[in-house]
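Residue numbering restarts at 1 for every chain, and letters A, B, ... go by the order of the sequence lines. Reckoned from all heavy atoms, side chains included, excluding hydrogens, waters and symmetry mates.
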Amino acid sequence: MKEKIKTMIYHAALKAHQKGILPSPEFGEVEVEEPKMETHGDFSTNFAMTSASRQKMPPRNVAKAVLDHLSDPDHLVERSEMAGPGFINFFIRPSAWSPILKTIHAQKGRFGFSEIGKGKRVQVEYVSSNPTGPLHVGHGRGAAVGDSVANILSFCGYNVQREYYVNDSGRQIETLGRSVLLRFKELLGEKSDFPPEYYQGDYIRGLAKEVMDIKTKPDFESDEEGISFCARYAAKNITEGMRRDLEQFGVVFNRWFSEQSLYDSGKVDNVLKELHNRGMVYEKDGALWFQSSRFGDEKDRVVIRKGGQATYFASDIAYHKDKYDRGFERVIDVWGADHHGYIPRMSAAVQASGHRKDQFQVILVQLVNLLRGGHPVAMSTRAGEFVTLKDVMDEVGKDAARFIFLTRHHESPLDFDLEVAKKKSNDNPVYYVQYVHARISSIIRKGKERGAAETVSGDKPIECLSALEEIQLLKALSRYPDVVCCSAEFMEPHRITFFLMELASLFHAYYNKHRVLTEDPGLTSARMSLVLAVKEVIRNGLSLLGVSAPETM
RNA sequence: GCGCCUGUAGCUCAGAUGGAUAGAGCAACGGACUUCUAAUCCGUAGGCCGCAGGUUCGAAUCCUGCCAGGCGCGCCA
């Protein structure tokens, strides 16, 4: 609808120019918005104001020229007017909204899809938590955001791959091995001072017990062998646990990419050699530095330390190069907001390997404050005490957790209250939205019992949908494709969440005021068509968020 | 000290590319179930959009400076 209005304005301006009323043929982009106030119509444009200087005419004269040349072959507009300093407002004929139902019923679950991605290959990497401990709530938010962004991009015509980067190499893994080995030795009766820099959580003891089951006696040749065995065992085990938790959370990756594999295949060495050949690395103070400052970072960064070990950054350079080598045109990383200082150097690395700056984007996800009944839940990573993602899922359910994670812009901190998330009331937005789906499902069932089933084809006359609440619902449904598009463009799933809450609110209001199943078959059919469309869009939107749409509640 | 993010109703938050009189939910108060699911709805009230300047026809939105909070500034990950 909005697009049609844009076209109308453009054509009117063109015609006015041909008749010599508007001097310039340059119109710029025609912008159309939906005014907040009903008295300003259904759509409004500031076209006259933005092109006033170009046309060298007062805005109101430009507006008049456009208004005088509007043509409306589909008869969408009931009336149009000039307002204020030069706005042009359009009032849509109420019956012009209902054709959207036909589109929805024809496209079903694909309604709102688009081709803006043009099949472009894009990779979304998310969660990528170190395999040194279970996933906690913060990772859950990252998972929800990343997964939803991937869903949305895919829906908008991108060829999306979902990837998890496993940091299964380096010091932290060694520390993990040491931690497990030490607990293992404790189980064998050795006294130890467990160092504070080791992983403290109880799960380490659990892993040590499992190691004990495999190695019934301390038959490690050396500590080194023990560490390496425990490290490999623990990392594998923890990664498997993450995979299970994420699956329960509805998140499934196309690929789990091992950091270690980058070393094994020589890709880290290769990328450093390549950078060396191109003069982008240099030695200083016994270390090897990458010239990230040439690409906008505030200083150069070490890739090989004095002792000869590569930094995490070195494998990250190799990893990101590999992403582009695999053919991804766009790479999106979802990171915790505390890593934001890492963006400039990563971006520099991407540019250094010959890619455009805009081919690499990072979505920063802010932290989650876990509450219970308004009071903070104590969590200390150092002491290894934290509420895991699995705990939260088991307590509040997958749907509530995912939905609530997506009720905020990803860059604003989120209070997650376990009590609220469990509540089955208006406080809890997920049920508010899902309830719409269940209510409509119930109406459909009742309708079928009454033999109204065959009237639900969606192709029946729908002119009788003229109540205010019906027009509002139709307008909201018409907006959905635009919402999805924006959500994809800005990588902001919360736009869909908010849209769904608004649509749900409109539906509940409608439901309370009007009956769908009436004595009038024509009216009943039209209303069935409307609520079926609402149901379809609710399900459609929820699926982009990774939330289910129940038939009954 | 430098950099990034945030600051909107009592609380939690929306307001993309600047648009007209600032938007929800919660909490508070008052109403609505003999009806297709009350996990719902209707009504009332609530605001120097952190502060001060600037840019222009027009600013919550853009620029500058302050104030407050969070995060980051390693040859850690």
Side-chain angles (χ1 to χ4, degrees), chain A residues 29 31 33 35-37 39-40 44-46 49-50 52-53 58-60 83-87 89 130 132 167 169-173 175 197 259 284-289 298-299 301-313 315-316 336-344 364 366-367 374 407-409 411-415 417 420 423-436 438-447 449-450 452 486-487 489-490 492 494-495 497-499 501-502 504-505 507-518 524 527-528 531 552-553:
Chain A
E29 171 125 19
E31 289 174 25
E33 57 156 24
K36 292 170 211 159
M37 255 174 299
T39 54
H40 294 149
S44 164
T45 183
N46 59 1
M49 279 118 89
T50 53
S53 64
R60 289 180 64 93
F87 289 104
N89 298 335
N130 294 340
T132 53
N167 294 111
S169 153
R171 180 143 34 174
Q172 58 194 333
I173 290 298
T175 305
E197 69 270 22
E259 180 189 12
K284 194 183 92 180
D285 305 331
L288 193 67
W289 298 69
E298 56 185 19
K299 53 180 274 197
R301 308 289 174 176
V302 169
V303 283
I304 303 287
R305 289 184 281 170
K306 208 177 341 185
Q309 317 100 306
T311 60
Y312 181 85
F313 183 42
S315 51
D316 250 350
D338 54 339
H339 287 70
H340 68 81
Y342 207 76
I343 297 176
L364 291 177
Q366 266 292 354
L367 57 91
T407 53
R408 295 277 179 279
H409 187 277
E411 273 191 57
S412 77
L414 168 71
D415 289 335
D417 195 311
V420 174
K423 242 190 235 175
K424 299 188 170 174
S425 75
N426 210 350
D427 293 352
N428 194 348
V430 62
Y431 297 120
Y432 187 76
V433 173
Q434 286 183 324
Y435 190 41
V436 171
R439 267 187 155 175
I440 296 174
S441 303
S442 172
I443 295 173
I444 307 299
R445 284 192 299 272
K446 283 271 167 28
E449 281 169 26
R450 297 187 195 180
C486 278
S487 197
E489 191 177 346
F490 298 99
E492 293 176 347
H494 76 282
R495 289 169 184 274
T497 317
F498 278 88
F499 171 83
M501 292 194 281
E502 197 181 321
S505 163
F507 173 79
H508 287 311
Y510 177 59
Y511 180 92
N512 271 275
K513 191 160 171 188
H514 303 279
R515 286 187 62 82
V516 173
L517 305 176
T518 65
T524 301
R527 289 184 170 173
M528 289 278 266
V531 298
T552 57
M553 284 174 75

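Counting atom types as modelled, A/N46 pairs a side-chain N or O with a base atom of B/rG19 as donor and acceptor under 3.5 Å. Between the base of B/rA77 and the side chain of A/D316 there is no donor-acceptor pair shorter than 3.5 Å. Contact of A/T311 with B/rA77 (side chain to base): no donor-acceptor pair of N or O atoms is detected under 3.5 Å. In the interface, the side chain of A/H340 is paired with the base of B/rC71 through a donor and an acceptor atom under 3.5 Å apart. A donor-acceptor contact under 3.5 Å is not formed by the side chain of A/H339 with the base of B/rG72.
Contact between the side-chain N/O atoms of A/R171 and the OP1/OP2 oxygens of B/rC76 is found at a separation under 4.0 Å. Contact between the side-chain N/O atoms of A/R527 and the OP1/OP2 oxygens of B/rC36 is not found at any separation under 4.0 Å. Within the structure, every side-chain polar atom (N or O) of A/K513 is placed at least 4.0 Å from both OP1 and OP2 of B/rU35. Contact between the side-chain N/O atoms of A/Y435 and the OP1/OP2 oxygens of B/rA39 is found at a separation under 4.0 Å.
Under the Watson-Crick and G-U wobble criteria, each requiring two contacts below 3.5 Å, nucleotide B/rC29 is paired to B/rG43. The partner of B/rG72 is B/rC2, by the rule that a Watson-Crick or G-U pair needs both atom distances under 3.5 Å. Figure legend. B/rA38 is base-paired to no nucleotide; pairs are counted as Watson-Crick or G-U wobble with both atom distances under 3.5 Å. Applying the Watson-Crick and G-U wobble criteria (two distances, each under 3.5 Å), B/rC66 pairs with B/rG50.
A cation-pi contact, defined as under 6.0 Å to the ring centre and within 45° of the axis, is absent between A/R439 and A/F507.
With hydrogens and angles left out, the side-chain atoms of A/S315 and A/E259 include a donor and acceptor closer than 3.5 Å.
Each of B/rC36, B/rC75, B/rU40 was ranked by its minimum atom distance to the side chain of A/L517; first place goes to B/rC36. If you check B/rC36, B/rG19, B/rA77 against the side chain of A/Y342, the one that comes closest is B/rA77. Picking from B/rU40, B/rA20, B/rC36 the nucleotide with the shortest atom distance to the side chain of A/K446 gives B/rC36. For A/E33, the listed nucleotide lying nearest its side chain is B/rA20; candidates were B/rA20, B/rC41, B/rA38.
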What pairs of nitrogen or oxygen atoms, one from the protein and one from nucleotides 12-15 of chain B, lie under 3.5 Å apart?
residue, atom, partner, partner atom, Å
B/rU12, O2', A/R408, NH2, 2.3
B/rC13, OP1, A/P413, O, 3.2
B/rC13, O5', A/R408, NE, 3.0
B/rA14, OP1, A/H409, N, 2.9
B/rA14, OP1, A/S412, OG, 3.1
B/rG15, OP1, A/H494, NE2, 3.0

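Under the 4.5 Å side-chain criterion, counting only non-hydrogen atoms from C-beta, A/Y510 is in contact with A/V531.
Residues A/Y432 and A/H508 approach most closely at O-NE2, 3.1 Å, considering heavy atoms.
Interatomic distance, CD of A/E31 versus OG1 of A/T50, reported as 6.5 Å (0.5 Å rounding). Atom OG1 of A/T552 is separated from atom CZ of A/R445 by 6.0 Å, given to the nearest 0.5 angstrom.
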